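First comes the structure, then the notes that go with it.
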Amino acid sequence: MQIQDKPPFDTPFEWIGGEAKVHALTERFYDLMDLEPAYAALRAVHGPSLDNARQRLFWFLCGWLGGPQHYTERFGHPMLRARHLPFPIGIKERDQWLACMDQAMHETGVPEDLRTRLAQSFFQTADWMRNKGG
């Protein structure tokens with residue numbers, strides 16, 4: 001890596017703007033999921049209330065981005081795939097999750113360079129979470 005390629009912050013958590021920005025991102029992500037018909041299949045997987053999911057994703061993202069480990073302090077290792085096995089996740093749900101998160105990142109002002117890096121990581125994780133065909 002060239003010195004000019006080094007991100008301007010030590011962690012993505014700092015780069016995104018800390019807890020307030022992670023919270024805004026999480027809130028917008030779930031608001032979009034609730035509002036946009038394009039995310040209907042993704043929304044259907046979540047059940048009637050998004051409150052629990054909102055809180056847990058916020059906690060998880062804080063730690064995953066290099067900030068406070070709120071999620072692991074409460075629940076231990078995230079074990080993402082195991083925790084998501086009860087929910088049918090296919091290509092449609094994966095793609096809707098990624099599109100919804102990308103829209104939320106754009107709308108909450110996540111810097112473009114960081115957004116690109118996060119989108120790559122989100123894709124790898126979301127694709128690994130798939131547990132059904134199609």
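In this text, all values refer to a predicted model and were calculated from it rather than measured experimentally. We count residues from 1, following the sequence as given.
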For [X] and [Y], work out which heavy atoms get closest and say how close.
X	Y	answer
His70	Glu19	NE2-OE2, 3.1 Å
Leu32	Ala104	CD1-N, 3.6 Å
Pro78	Thr72	CD-CG2, 3.9 Å
Asn131	Phe87	ND2-O, 2.8 Å
Leu42	Cys100	CD2-CB, 4.3 Å

Could you tell me the separation between the [atom1] atom of [X] and the [atom2] atom of [Y], rounded to the nearest 0.5 Å?
X	Y	atom1	atom2	answer
Thr108	Ile16	OG1	CD1	6.5 Å
Glu14	Leu114	CD	CG	11.5 Å
Met105	Thr116	CE	OG1	8.0 Å
Met129	His84	CE	NE2	4.0 Å

Next on the checklist: Would Gln55 and Leu50 count as a side chain to side chain contact (heavy atoms under 4.5 Å, CB included) here? Give the steps.
Outcome noted: CA-CA 9 Å; Gln55 188 63 63; Leu50 294 173; over 6 Å; no
Item to check | Single hit among Leu118, Leu65, Val110, Asp113 for side-chain contact (heavy atoms from CB on, under 4.5 Å) with Trp15 | outcome: Asp113
Name all residues meeting the ring-ring contact (aromatic ring centres under 6.0 Å, His included) criterion together with [X]; count only those two or more places apart in sequence or in a different chain, and write none if there are none.
X	result
Phe13	none
Tyr71	Phe75
His106	none

Next on the checklist: Please determine whether residues Leu80 and Met33 belong to a single hydrophobic cluster, defined as Ile, Leu, Val, Met, Phe, Trp and Tyr linked transitively by side-chain heavy-atom distances below 4.5 Å.
Outcome noted: yes
Next on the checklist: Could you check, using the six-membered ring where one of them is a Trp, whether Phe122 and Trp64 have ring centers closer than 6.0 angstrom?
Outcome noted: yes
Item to check | Centroid-centroid distance, Trp97 to Tyr39, less than 6.0 Å | outcome: no
Can a donor-acceptor pair be found, under 3.5 Å and without considering hydrogens, that links the side chain of [X] to the backbone of [Y]?
X	Y	value
Arg43	Pro48	yes
Gln69	Gly67	yes
Arg81	Trp128	yes
Glu107	Arg28	no

Next on the checklist: Walk me through whether Phe123 and Arg94 qualify under side chain to side chain contact (heavy atoms under 4.5 Å, CB included).
Outcome noted: CA-CA 8 Å; Phe123 177 83; Arg94 176 202 66 194; 3.9 Å; yes
Are [X] and [Y] within salt-bridge range, i.e. N to O under 4.0 Å?
X	Y	result
Arg54	Asp31	yes
Asp127	Arg130	yes
Glu93	Lys132	yes

Item to check | Note, Leu57 side chain near Tyr30 side chain (heavy atom, < 4.5 Å) | outcome: yes
Checklist entry - Is the shortest heavy-atom distance from the side chain of Thr125 to the side chain of Gln120 under 4.5 Å? => result no
